[in-house]
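What follows is a short report on a single structure.
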There are 2 protein chains.
Amino acid sequence: MAKRPKLNRRPDTPIEQELGSVEVALTPPERFEEYLQSKGKRNTPQRRYMVTHVFNQHEHFDADTLIDQLPRKNEPNYISRPTVYRTLAELVESGLLRKFELEGRAVYEHDYGYPQHDHLHCEKCGELFEFHNEDIAELCQNIAQKNNFRMQSHRLLISGICSKCNQPRQRRRSRLDRI
Amino acid sequence: MAKRPKLNRRPDTPIEQELGSVEVALTPPERFEEYLQSKGKRNTPQRRYMVTHVFNQHEHFDADTLIDQLPRKNEPNYISRPTVYRTLAELVESGLLRKFELEGRAVYEHDYGYPQHDHLHCEKCGELFEFHNEDIAELCQNIAQKNNFRMQSHRLLISGICSKCNQPRQRRRSRLDRI
DNA sequence: TCTCTTTTTGAGATCCTTTATCAATAGGCC
DNA sequence: GGCCTATTGATAAAGGATCTCAAAAAGAGA
């Protein structure tokens with residue numbers, strides 16, 4: 001099993017192609033600023049940098065992957081590890097990001113302006129794939145109702161082997177084979 | 001939010017009542033021994049003790065809860081922390097237990113001899129409730145197929161507020177009220 | 001039963017992710 | 001600009017899970 005899951009989508013399958021997007025009134029930085037103001041929090045350079053950076057790409061990511069992408073210590077716009085974690089929590093609380101857990105690590109993805117979806121997880125290559133299904137939420141709602149539960153959200157993870165990993169590894173034909 | 005989720009089912013709702021059970025040919029210890037032999041592993045007292053203990057109760061549990069229940073150091077049948085983790089991994093690998101993650105911790109539950117199910121999680125009291133739904137697995141299978149995915153398992157978690165926590169806290173009537 | 005080989009165990013250290021502490025810094029409102 | 005308070009970064013530490021390795025023990029064969 002991979003020590004650390006691949007959380008980046010393949011560059012040839014941008015997420016917009018897969019699931020489209022949802023109309024929103026404000027850009028993520030605007031939305032975040034609104035949230036901060038409503039909470040009496042301050043709009044710092046670190047928070048501005050992070051919200052912009054995070055919404056400039058669509059991949060799933062974990063804290064470490066994100067920190068790798070941010071400026072390092074002694075570079076301009078450096079953001080310390082605690083601040084990264086703190087700001088991630090705020091982005092989740094504000095509804096901009098969603099957080100879930102995979103293989104013992106917290107994974108984040110866009111929520112604001114992004115359609116509801118669930119995930120397929122390849123146990124071989126560790127990749128996460130998104131899918132959208134209309135029926136799931138309704139099914140969950142029914143189940144919750146039957147159990148006198150007030151549902152707030154659901155999380156469905158389908159584990160298995162993706163098509164790429166499932167292909168039998170082709171024997172590479174040598175020059176001799178082709179004679 | 002609770003620092004540590006309650007993983008124990010309430011004593012008045014034993015799991016058999018909720019979901020029944022599945023007929024199996026071997027007892028869990030027998031099944032585990034079979035697995036060990038097939039892997040050329042040895043049947044040690046520690047492994048026997050753990051498989052017996054774990055299947056003597058039906059609750060979900062995490063490693064720490066389990067260790068609390070096991071004999072402590074300098075008592076008979078003490079099992080060290082690394083061995084507990086090692087054996088849990090073997091119980092999962094053998095198909096006796098299922099492992100999943102909740103609030104950053106690994107949680108284990110019976111798999112062998114126990115019907116397929118998913119969970120409701122109360123965000124307030126942290127309790128886990130099980131439910132069985134016939135349609136989910138089929139739905140997942142369809143989704144997997146559409147995505148050229150070879151499904152191995154799924155995991156559905158419905159989060160919300162349980163009926164108990166959802167009840168408006170009744171004002172306790174004082175003696176004076178009743179006059 | 002004894003011996004031998006190999007697995008397993010337990011003590012302790014260590015890893016890894018995430019969070020807490022706290023003094024110094026800097027927003028934002030007057 | 002000045003003040004008050006939130007925020008940051010350095011550092012330590014919490015917490016779960018795993019690694020290392022010498023000692024112990026299981027199982028196979030004699």
Side-chain angles (χ1 to χ4, degrees), chain A residues 1-5 7 32-51 61-68 70-94 97 99-108, chain B residues 1-5 7 32-51 61-68 70-94 97 99-108:
Chain A
M1 203 198 304
K3 196 70 200 278
R4 185 165 161 187
L7 296 172
F32 193 39
E33 182 159 5
E34 192 183 68
Y35 162 82
L36 292 173
Q37 288 199 337
S38 78
K39 292 282 181 178
K41 298 187 166 199
R42 294 171 182 173
N43 197 358
T44 67
Q46 289 89 339
R47 284 171 174 155
R48 282 193 296 272
Y49 193 100
M50 269 192 58
V51 69
F61 61 93
D62 58 20
D64 246 39
T65 305
L66 175 59
I67 289 169
D68 278 353
L70 295 173
R72 359 217 117 241
K73 202 179 284 199
N74 302 319
E75 286 180 9
N77 297 314
Y78 167 69
I79 305 176
S80 71
R81 181 171 289 270
T83 297
V84 170
Y85 276 100
R86 283 186 287 235
T87 306
L88 282 174
E90 288 160 351
L91 288 167
V92 169
E93 159 133 11
S94 70
L97 292 184
K99 174 185 182 178
F100 57 101
E101 311 200 356
L102 192 62
E103 299 179 11
R105 227 184 325 282
V107 179
Y108 300 85
Chain B
M1 201 198 305
K3 197 71 202 277
R4 185 166 162 185
L7 297 171
F32 193 40
E33 181 159 5
E34 191 183 68
Y35 162 81
L36 291 172
Q37 288 200 336
S38 77
K39 292 282 184 179
K41 297 186 166 200
R42 293 173 182 173
N43 197 358
T44 67
Q46 289 89 341
R47 283 172 176 154
R48 281 193 296 269
Y49 193 100
M50 270 191 58
V51 70
F61 62 92
D62 59 19
D64 249 36
T65 305
L66 175 59
I67 289 170
D68 278 353
L70 295 174
R72 4 217 114 240
K73 203 178 285 198
N74 302 320
E75 287 181 8
N77 297 314
Y78 167 69
I79 306 177
S80 70
R81 180 171 291 271
T83 297
V84 170
Y85 276 101
R86 283 185 290 234
T87 306
L88 281 174
E90 288 160 350
L91 287 168
V92 170
E93 158 133 11
S94 71
L97 292 183
K99 174 185 181 178
F100 57 100
E101 312 201 355
L102 193 62
E103 299 178 12
R105 228 182 326 283
V107 178
Y108 301 85

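Chain naming here is simple, since letters A, B, ... match the order of the sequence lines and numbering starts at 1 in each.
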Shortest side-chain distance from A106(B), nucleotide among dT8(D), dG10(C), dA17(D): dA17(D)
I67(A) CD1 to dT19(C) C1', straight-line distance once rounded to whole Å: 13 Å
Given dT7(D), dA11(C), dT9(C), the nucleotide with the shortest approach to the side chain of R42(A): dT7(D)
Any donor-acceptor N/O pair under 3.5 Å between dT7(D) base and R47(A) side chain: no
Salt bridge present between D62(A) and K99(A) (N-O < 4.0 angstrom): no
Atom-pair distance (OH on Y49(A); C1' on dG9(D)), nearest Å: 17 Å
Residue whose nearest DNA chain D nucleotide is more 5′ - K41(B) or R86(B): R86(B)
Protein-nucleotide distance (R105(B), atom CZ; dC16(C), atom C1'), rounded to Å: 16 Å
Closest heavy-atom pair and its distance - A63(B), Y108(B): N-CE1, 4.4 Å
Backbone of N43(A) reached by a side-chain donor or acceptor of R48(A) within 3.5 Å: yes
Any T44(A) side-chain nitrogen or oxygen under 4.0 Å from OP1 or OP2 of dT8(D): yes
Interatomic distance where CD belongs to Q37(B) and P belongs to dT7(C) [whole Å]: 16 Å
Rounded distance (Å) that lies between atom P of dT18(C) and atom CD of E103(A): 13 Å
Rounded distance in Å - CG (N43(A)) to C1' (dT7(D)): 12 Å
Short N-O contact, K39(A) and E90(A), less than 4.0 angstrom: no
Any T83(B) side-chain nitrogen or oxygen under 4.0 Å from OP1 or OP2 of dG10(C): yes
Residue closer to the 5' end of DNA chain C, L36(B) versus P82(B) (nearest nucleotide): L36(B)
N/O (side chain, Q46(A)) to phosphate O (OP1/OP2, dA26(C)) under 4.0 Å: no
Separation of atom CG in L102(A) from atom P in dT17(C), rounded to whole Å: 13 Å
Y78(A) vs dA10(D): side-chain N/O to OP1/OP2 distance below 4.0 Å: yes
Short side-chain N/O contact to dT18(C) OP1/OP2 from Y85(A), under 4.0 Å: yes
From I79(B) atom CD1 to Y85(B) atom OH, the distance as rounded to the nearest 0.5 Å: 14.0 Å
Nearest-angstrom distance from the residue atom CZ of R48(A) to C1' of dA26(C): 12 Å
